[in-house]
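Keep in mind that what you see is a predicted model, and the values were worked out from it rather than measured. Atoms within each ligand, like the ligands themselves, are counted from 1 in listed order. Along the sequence shown, the residues carry numbers beginning at 1.
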Amino acid sequence: MSAPSQPDAASVEFLPFTRPTIDEATIAGVVEVLRSGWITTGPWNTRFEQALSEYFGGRTVRAFNSGTVTMEIALRMLGVGEGDEVITTPLSWVATANVVLAVGARPVFVDIDPATRNLDVARVEAAITPRTRVLLPVHLAGLPCELDALYEIAARRGLRVLEDAAQAIGSTWRGRRVGSFGDFASFSFHPNKNATSIEGGCLVLPEDADPGLAERYRLQGVRRFGVDGMDVDLVGGKANLTDVAARVGWGQLQRVEEFNTRRRELAADYFEAFDALRLGERGVQLPPRSPQDSNWHMFQIVLPAQAPRAQVMERLKARGIGSGVHYPPIHLFSLYRKLGFAPGDFPHAERVGAAILTLPLFPGMRDGDIDRVAQALDAVLREFGV
Ligand SMILES: *Cc1c(COP(=O)(O)O)cnc(C)c1O
């Protein structure tokens, strides 16, 4: 295994909140695919799907060109549409709720548990109506949502589950890999995720789902038979993954455990540095400490009210430190306000969403980078009297 790629000269000065690690073997592999005469969906897509299936304990997996379309297709496979409701969290990337609207159904938000920042599963049951079809939990920052309680509710109330595991490749729940058990699970290979195919995603299918149906939704509804036969019996899209992308994704999958180990080390270093600075006692909320469960997709703090996020971000940037916002609460976007959602609906998601800050965390970071972030954050917070 080669070492994580070294940052170039410019990035020694500026530390972004994330950066993909693409090794030379992957780059050479991509060149081979480009020279092979077959660059779109083909043998590498199949190989990537097989490797993903092995990674997820032998379950059936299909690859797509985004983590968004994987979720949309899962909902279509479940027949979710007009008049149906899908229960989800307001604190996620907007794709989580957009796919529900895309299939004509209604997202029903349930507030988060402010400690985990994930869907508060204890509140789910009260949100179930006769129209509820699917529970759509998100494993925010890679920390698994409370899956035992969630699957128990789903089984008892006759609901399906689609896990938005976009951020959770390699996360575990009670020692089992997220995606290796349960109902539908959707992953993303966007460049910011722990493994990337540039753009891409995959859907882990439960046993009662037809992979052929996933394939038809993936490519224009086309079904081929015989030597020259073709039929179309549903409206499919254009969601296939190119072999160039699949080659990148396959190369990343070979290293995702190594990447995640490095992320866990860096997260532990953050806790050590922040404990030494007593950030918790100064009103900064640290993420939950459950390194055995999370793949540490992100390390996110919640700022105290005295330290306005935009100003903290600007001052960190001036000190060469990148940061990010993941995420503003979905229900307050204008599209969702038009559906009737309003400020005050989900107070925990609103408070956390207004003050959450993603700090740099990616496998190519050097040990000293954590201290750099800690010192900069400490100095900036002091400027605000924190
Ligand atoms: C990245 C992400 C998605 C969407 O994945 P894309 O590959 O960008 O389409 C969906 N949900 C969550 C929580 C994500 O982080």
Margin query: Under 4.0 Å from a heavy atom of Gly200: which atoms of ligand 1 are those, numbered in the order shown and with their elements?
Written below: 7 (O)
Next item on the list: Let me know which of Phe109, Tyr327, Tyr336 forms a side-chain contact (heavy atoms from CB on, under 4.5 Å) with Pro90.
Entry: Phe109
Check: For ligand 1, which atoms, with element, lie under 4.0 Å from some heavy atom of Ser92?
Finding: 13 (C)
Margin query: Atom CD of residue position Glu272 - does it have more than 12 heavy atoms of other residues, nucleotides or ligands inside 6.0 Å?
Written below: no
Note to self: Just verifying a value: how many Å separate Asp293 CG and Thr116 OG1, rounded to the nearest 0.5 Å?
What the structure shows: 11.5 Å
Check: With respect to atom 13 (C) of ligand 1, which of Asp164, Val94, Thr196 exhibits the smallest heavy-atom separation?
Finding: Asp164
Next item on the list: May I ask you to check whether Phe299 and Phe271 place their ring centers less than 6.0 Å from one another?
Entry: yes
Notebook entry, point to check: Does a donor on one side chain and an acceptor on the other come within less than 3.5 Å for Thr358 and Gln300?
Noted result: yes
Next item on the list: Please test Asp243 against Arg47 for salt bridge (charged side-chain N to carboxylate O under 4.0 Å, His left out), starting from the C-alpha separation and ending with a verdict.
Entry: CA-CA 10 Å; Asp243 262 21; Arg47 194 164 170 190; over 6 Å; no
Next item on the list: Tell me which part of Phe64 gets within contact of ligand 1: side chain, backbone, both or neither, using heavy atoms under 4.0 Å.
Entry: neither
Note to self: Check for me whether the distance between the ring centres of Phe56 and Phe187 falls short of 6.0 Å.
What the structure shows: yes
Next item on the list: Using a strict cut-off of 4.0 Å, indicate which atoms of ligand 1 neighbour a heavy atom of Gly67.
Entry: 5 (O), 6 (P), 7 (O), 9 (O)
Notebook entry, point to check: Which atoms of ligand 1 sit under 4.0 Å from any heavy atom of Met71?
Noted result: 10 (C)
Note to self: How far is atom 2 (C) of ligand 1 from the closest protein heavy atom, and which atom is that?
What the structure shows: Lys193 NZ, 2.8 Å
Margin query: Which of the numbered atoms in ligand 1 are under 4.0 angstrom from any heavy atom belonging to Trp93?
Written below: 2 (C), 3 (C), 4 (C), 10 (C), 12 (C), 14 (C)
Checklist line | Check: Trp93 ring centre within less than 6.0 Å of Phe333 ring centre | finding: no
Notebook entry, point to check: What atoms in ligand 1 come closer than 4.0 Å to a heavy atom of Tyr327?
Noted result: 15 (O)
Next item on the list: Taking atom CG of Leu277 as the centre, report whether more than 12 heavy atoms of other residues, nucleotides or ligands fall under 6.0 Å from it.
Entry: yes
Next item on the list: Could you find the nearest protein heavy atom to atom 9 (O) of ligand 1 and give me its residue, atom name and distance?
Entry: Thr68 OG1, 2.5 Å
Notebook entry, point to check: Looking at Thr96, which atoms of ligand 1 are within less than 4.0 Å of one of its heavy atoms?
Noted result: 11 (N)
Next item on the list: Look at atom 5 (O) of ligand 1 and say which protein heavy atom is nearest, naming residue and atom and giving the distance to 0.1 Å.
Entry: Ser188 OG, 3.2 Å
Next item on the list: List the closest protein heavy-atom neighbour of atom 15 (O) of ligand 1: residue, atom name, distance to the nearest 0.1 Å.
Entry: Gln167 NE2, 2.8 Å
